[in-house]
Protein chains: 2
Amino acid sequence: MNIGQASAASGVSAKMLRYYEEIGLLPKAARTGAGYRVYSAKDVNTLRFIRRARDLGLSIERIKLLVGLWQDRERSSADVKRVAIEHVAELDAKILELTAMRETLQELADACHGDHRPDCPILHDLEGGSSSPEHRFTVTKDVHRRKGAAAGLPAECHAG
Amino acid sequence: MNIGQASAASGVSAKMLRYYEEIGLLPKAARTGAGYRVYSAKDVNTLRFIRRARDLGLSIERIKLLVGLWQDRERSSADVKRVAIEHVAELDAKILELTAMRETLQELADACHGDHRPDCPILHDLEGGSSSPEHRFTVTKDVHRRKGAAAGLPAECHAG
DNA sequence: CCTTGACCTTCCCACTATGGGAATCCCCAT
DNA sequence: ATGGGGATTCCCATAGTGGGAAGGTCAAGG
């Protein structure tokens, strides 16, 4: 099986296959005499595992852990669960942050006439205009503050 | 006002000030004889505007638009509102996506004993193990599929 | 046998925003 | 004059992913 076939069989792009190998998420693939990478059905299984984990938003680092546990028959399910729980916590933090932004922006948009006139509460708010800050829309202000930015959410954060 | 003072007054790091200038979000700052950038109170206003917009998760591109509208007395509030609404839609898409991931992962974690035994439904699911795929936890499956990845959410997606 | 096209290889670049750090220079106070 | 703090530019790194160029390979058909 060459890289294209492994890619098609796993749903992971050939580009990513090479990348995962490079960063050590996958062991170095065997090569044909001509230098082509060779994959087995077992490799494809691992790739599918990785792809599903990516679909759940897990970072490459966490996936490394999970793949390690997966291939370790001595693992304890507690270890696996911990990794999952950590990721859920990060997802929660991210969701909270985005939701706070969304709420604020939605309220501002709701307050905007959206007509031909230049008057606009959205701009007014961004201007920091209202002299008493406590009257600005804030909605769990701290959550979306720069420092509050949660730990890394991976791939899905990048526009395709 | 030099770059450090403008940074302190606006909450935007000096590094970002230079970057914003480089990418054209800010006009090129005037310089002293020695090459130091010089900022006015008006510049600081713009910087605060930008910072607040970033706090709401708006991309640099959208902020460019908003700053343009902000400084245009002929603007229509409808234009501003449209930009805001677009961003809300992207936030919604992202939130949906993350929520779907979260739900799936939470269910898997709930189903995991989390003890010393190796048996683990999380790994089992990632394996794609269950022969009948419709029994796998999915929860709005399409939403978190790669193709479903929403349009770009900016900065906050990056781990500090 | 040779061409053609599909595939593989490596290497570099781009993206989003942001931070870190080095080398060098400037300004002000002692 | 000297020292410290700040400014300048330039390069690098991040997390994943895609795009593309330049060149080698393989298989099928003429």
Side-chain angles (χ1 to χ4, degrees), chain A residues 1-8 11-26 28-39 50-51 53-64 87 90 94 144-160, chain B residues 1-8 11-26 28-39 47 50-51 53-64 87 90 94 145-160:
Chain A
M1 228 172 176
N2 62 27
I3 201 171
Q5 294 164 327
S7 167
V12 177
S13 74
K15 214 101 193 195
M16 282 304 101
L17 277 179
R18 299 192 192 98
Y19 175 67
Y20 291 161
E21 179 179 326
E22 185 191 315
I23 64 172
L25 175 56
L26 297 173
K28 293 189 182 173
R31 304 287 187 123
T32 67
Y36 283 25
R37 286 175 181 80
V38 179
Y39 297 91
I50 291 171
R51 173 163 154 62
R54 290 289 305 132
D55 285 347
L56 288 177
L58 286 142
S59 71
I60 300 283
E61 273 316 302
R62 283 219 173 87
I63 295 174
K64 272 188 197 172
H87 186 55
E90 281 175 20
K94 195 79 203 169
H144 67 267
R145 241 38 193 171
R146 212 163 242 69
K147 295 307 179 192
L153 261 288
E156 284 67 18
C157 283
H158 300 272
Chain B
M1 228 173 178
N2 63 25
I3 202 171
Q5 294 164 326
S7 168
V12 178
S13 74
K15 215 100 191 196
M16 283 302 102
L17 277 178
R18 299 192 191 99
Y19 175 67
Y20 291 161
E21 179 179 325
E22 185 191 315
I23 64 172
L25 175 56
L26 296 174
K28 293 189 182 170
R31 304 286 188 123
T32 67
Y36 282 24
R37 287 174 181 80
V38 179
Y39 298 90
L47 285 170
I50 291 171
R51 172 160 155 66
R54 291 288 307 130
D55 285 345
L56 289 177
L58 286 141
S59 71
I60 300 283
E61 273 316 301
R62 282 219 173 88
I63 295 175
K64 271 188 198 174
H87 187 54
E90 281 175 21
K94 196 77 204 170
R145 241 40 193 167
R146 213 166 240 62
K147 297 305 181 193
L153 259 289
E156 283 67 20
C157 283
H158 301 272

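Reckoned from all heavy atoms, side chains included, excluding hydrogens, waters and symmetry mates. Per chain, numbering begins at 1; letters A, B, ... match sequence-line order.
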Minimum side-chain heavy-atom gap B:Leu47-B:Leu26 below 4.5 Å: yes

B:Ser7 versus B:Leu17, closest heavy-atom pair with distance: N-CD1, 4.0 Å

Between C1' of C:dC11 and CZ of A:Arg18, the distance in whole Å: 11 Å

Any A:Tyr20 side-chain N or O less than 4.0 Å from OP1/OP2 of D:dT17: yes

Sugar-phosphate, base or nothing in reach of A:Ser13, heavy atoms under 4.0 Å: sugar-phosphate

Rounded (10°) bend between the five-pair end axes of the helix from C:dC1-D:dG30 to C:dT30-D:dA1: 40°

Short side-chain to backbone donor-acceptor contact, A:Glu90 and A:His87, under 3.5 Å: no

Presence of A:Tyr19 side-chain N/O under 4.0 Å of D:dA15 phosphate oxygens OP1/OP2: no

Least distance between heavy atoms, A:Tyr20 atom then A:Ile60 atom: CE2-CD1, 3.5 Å

Give me the distances for all protein-to-nucleotides 19-25 of chain D N/O pairs that come in under 3.5 Å?
{"residue": "D:dG19", "atom": "N7", "partner": "A:Lys15", "partner atom": "NZ", "Å": "2.7"}
{"residue": "D:dG19", "atom": "O6", "partner": "A:Lys15", "partner atom": "NZ", "Å": "3.0"}
{"residue": "D:dG20", "atom": "N7", "partner": "A:Lys15", "partner atom": "NZ", "Å": "3.3"}
{"residue": "D:dG20", "atom": "O6", "partner": "A:Lys15", "partner atom": "NZ", "Å": "2.5"}
{"residue": "D:dG24", "atom": "N2", "partner": "A:Tyr36", "partner atom": "OH", "Å": "2.9"}
{"residue": "D:dT25", "atom": "O4'", "partner": "A:Tyr36", "partner atom": "OH", "Å": "3.1"}

Nucleotide nearest B:Asn2 when distance is taken to its side chain, options C:dT9, D:dT17, D:dA7: D:dA7

Whole angstrom value for the distance that separates P of D:dA15 from CZ of A:Arg62: 13 Å

Interatomic distance, B:Met16 CE vs D:dA7 P [rounded to whole Å]: 15 Å

Spacing of B:Ile3 atom CD1 relative to D:dT8 atom P, expressed in whole Å: 5 Å

Rounded distance (Å) that lies between atom C1' of D:dT17 and atom CD1 of A:Ile50: 15 Å

Pairwise 5' ranking along DNA chain D for B:Ala14 and A:Thr32, keeping only the more 5' one: B:Ala14

A:Glu21: partners by side-chain hydrogen bond (donor to acceptor under 3.5 Å, both in side chains), with sequence neighbours left out: A:Arg37

Distance, nearest 0.5 Å, that separates CG of A:Leu58 from CD1 of A:Ile50: 11.5 Å

Separation between CE of A:Met16 and CG of A:Leu25, rounded to the nearest 0.5 Å: 11.0 Å

Side-chain N,O (B:Arg31) to OP1/OP2 (D:dT9) below 4.0 Å: yes

Rounded interatomic separation in angstrom, taking NZ from B:Lys28 and P from D:dT8: 15 Å

Distance, rounded to the nearest Å, where B:Leu47 contributes CG and C:dA17 contributes P: 16 Å

Nearest heavy atoms of A:Lys64 and A:Ile23, plus distance in Å: NZ-O, 3.2 Å

Gap between atoms CG and P, on A:Leu17 and C:dC7 respectively (whole Å): 15 Å

Most 5' of B:Glu61 and B:Gly33 on DNA chain C, judged by nearest nucleotide: B:Glu61

Side-chain N or O of A:Arg37 closer than 4.0 Å to phosphate OP1/OP2 of C:dT9: yes

